[in-house]
Amino acid sequence: MMLPIPIDLKEILKHYKTIAQHTHKGIQGHALLIAGSYGKIGAAVLASKAAIKSGCGLVTAFVPKCGYEIIQIAIPEVMVLTDMEEKYISKIAFEIQPQAIGIGPGIGQDEATQKAVHEFLENNKIPLIMDADALNILSQNKSWLSLLVSKTILTPHPKELERLIGKWTSEEEKFQKTIAFSKEYNLIVVMKGAPTHIIDGETIYQNTTGNAALATAGSGDVLTGIISSLLAQSYEPIQAAILGVYLHGLTADIALPETGYQSFIASDIISNIGKAFLSLDNSRK
């Protein structure tokens with residue numbers, strides 16, 4: 001097993017692209033976030049807001065009907081499409097043409113939602129990131145893994161990873177199984193944890209930013225939004241994953257002196273994304 005490549009400032013500056021001075025929203029990318037169910041529309045709010053704050057020109061949230069007003073009021077900058085069902089996602093249909101799709105935060109595992117995810121995966125050709133319940137649905141239907149577009153990004157926490165690849169008895173076995181899984185299905189796996197690792201076939205990356213403050217509800221939803229946004233801005237999937245986890249962790253490092261560990265929440269990640277990007281821009285000077 002090769003040594004991990006550290007995701008540090010030197011590595012990030014190889015991939016990070018500054019925004020063109022004369023750009024406009026039409027060429028900054030359009031991200032679609034398929035998220036939320038009754039009682040978990042907050043996941044859709046966090047993911048969508050993180051996406052729009054991470055530089056893509058347009059963001060659309062696809063949510064059950066019960067999320068319509070919530071999203072419109074919480075984030076006026078984000079457009080909303082709704083499912084036919086009130087409380088959960090039952091059919092994923094849209095006429096927009098996003099450059100990237102994030103699916104999973106807060107969608108639940110209702111039978112109709114599982115069916116909707118299957119139909120979506122059968123037809124999707126757009127760069128994809130899968131998180132949360134989308135991963136749990138995949139782990140119950142492993143044959144669907146072959147439907148995923150090449151270099152789909154999966155962002156499991158340890159329990160979700162275990163459901164996907166099976167139990168492990170050592171760190172080495174966990175990495176070996178994840179590498180084998182990544183190679184078999186041609187996927188990128190963001191192994192969330194302290195520290196976060198990214199597996200792309202045989203290549204392993206280890207993030208260097210972040211702290212214990214990130215262990216808070218909604219943190220993963222925000223990461224999904226950030227990576228979806230970067231993917232929509234035409235970063236390669238591995239670049240979007242690397243840059244996404246670095247920025248996500250960096251927000252917690254920036255905010256910690258003001259918030260401490262205890263009172264840092266997922267919304268603080270979003271409110272510090274600007275400072276994280278600025279620190280990259282300043283490092284370029």
Side-chain angles (χ1 to χ4, degrees), residues 31-54 59-94 98 101-121 128-141 144 154-164 190 192 213-229 248 251 262-271 273:
L32 174 66
L33 276 304
I34 301 164
S37 57
Y38 186 76
K40 293 182 182 169
I41 298 299
V45 170
L46 289 166
S48 307
K49 192 166 187 182
I52 199 87
K53 286 275 281 190
S54 298
V59 174
T60 297
F62 185 96
V63 293
K65 275 192 180 146
C66 65
Y68 178 73
E69 290 180 357
I70 297 169
I71 305 246
Q72 295 270 258
I73 294 165
I75 343 163
E77 298 89 351
V78 167
M79 296 173 288
V80 186
L81 293 172
T82 62
D83 194 272
M84 300 173 297
E85 286 292 334
E86 183 70 26
K87 295 191 172 184
Y88 54 84
I89 286 167
S90 66
K91 186 172 178 59
I92 299 162
F94 51 89
I101 300 175
I103 182 170
I107 62 171
Q109 296 175 58
D110 192 277
E111 203 174 320
T113 305
Q114 298 212 25
K115 191 164 174 282
V117 169
H118 183 237
E119 283 176 11
F120 163 72
L121 292 178
L128 186 64
I129 166 167
M130 300 186 76
D131 181 33
D133 281 321
L135 298 178
N136 293 326
I137 289 169
L138 264 187
S139 63
Q140 290 171 50
N141 304 278
W144 301 0
L154 309 187
T155 59
H157 60 52
K159 206 70 200 161
E160 290 162 348
L161 182 65
E162 188 186 293
R163 291 179 196 125
L164 285 166
V190 177
K192 293 191 290 206
L214 289 169
T216 184
S219 178
D221 304 327
V222 171
L223 180 63
T224 298
I226 295 171
I227 296 176
S228 301
S229 179
H248 183 262
T251 62
Q262 293 87 343
S263 79
F264 182 91
I265 58 172
S267 297
D268 294 322
I269 303 171
I270 298 170
S271 52
I273 289 173

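Reckoned from all heavy atoms, side chains included, excluding hydrogens, waters and symmetry mates.
Checking side-chain atoms of Asp131 against main-chain N and O of Thr224 turns up no donor-acceptor pair under 3.5 Å. A donor-acceptor pair under 3.5 Å links the side-chain atoms of Asp268 to the main chain of Ile265, judged by distance alone. Put simply, the side chain of Thr113 never gets that close to the backbone of Gln109: no donor and acceptor are under 3.5 Å apart. Formation of a donor-acceptor pair under 3.5 Å by the Ser229 side chain with backbone atoms of Ala51 is found in this model. Remark: the backbone N or O of Ser90 is paired with a side-chain donor or acceptor of Asp83 at under 3.5 angstrom.
Taking the side chain as every heavy atom from C-beta outward, Leu128 and Phe120 approach each other to under 4.5 Å. At a threshold of 4.5 Å between non-hydrogen side-chain atoms, the residues Tyr88 and Ile107 do not count as touching. With a 4.5 Å cut-off on side-chain heavy atoms, His118 and Trp144 count as touching. You'll find the side chain of Val63 stays beyond 4.5 Å of the side chain of Ile70, heavy atoms only. Residues Met79 and Val59 are not in side-chain contact: their nearest non-hydrogen atoms beyond the backbone lie 4.5 Å or more apart. Pro98 is listed as a side-chain neighbour of Phe94, based on a closest heavy-atom distance under 4.5 Å. With contacts defined as side-chain heavy-atom distances shorter than 4.5 Å, the pair Glu160/Asn136 qualifies. With contacts defined as side-chain heavy-atom distances shorter than 4.5 Å, the pair Val45/Ile71 qualifies.
Considering CD1 of Ile270 and CD1 of Ile226, their distance stands at 7.5 Å, rounded to 0.5 Å. Note that NZ of Lys40 is 13.5 Å distant from CG of Leu46, once rounded to the nearest 0.5 Å. Considering CD1 of Ile52 and OG of Ser228, their distance stands at 12.5 Å, rounded to 0.5 Å.
Within 6.0 Å of CD on Gln72 lie more than 12 heavy atoms contributed by other residues, nucleotides or ligands.
Evaluated for a side-chain contact (heavy atoms from CB on, under 4.5 Å) with Ser219, the options His157, Lys192, His248 yield exactly one hit, His248.
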**OP:** Could you please spell out the steps behind the side chain to side chain contact (heavy atoms under 4.5 Å, CB included) verdict for Ile129 and Ile101?
**Re:** CA-CA 6 Å; Ile129 166 167; Ile101 300 175; over 6 Å; no
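Ion pairing of Glu111 with Lys115 is absent here, as no side-chain N (NZ or NE/NH1/NH2) approaches a carboxylate O to less than 4.0 Å.
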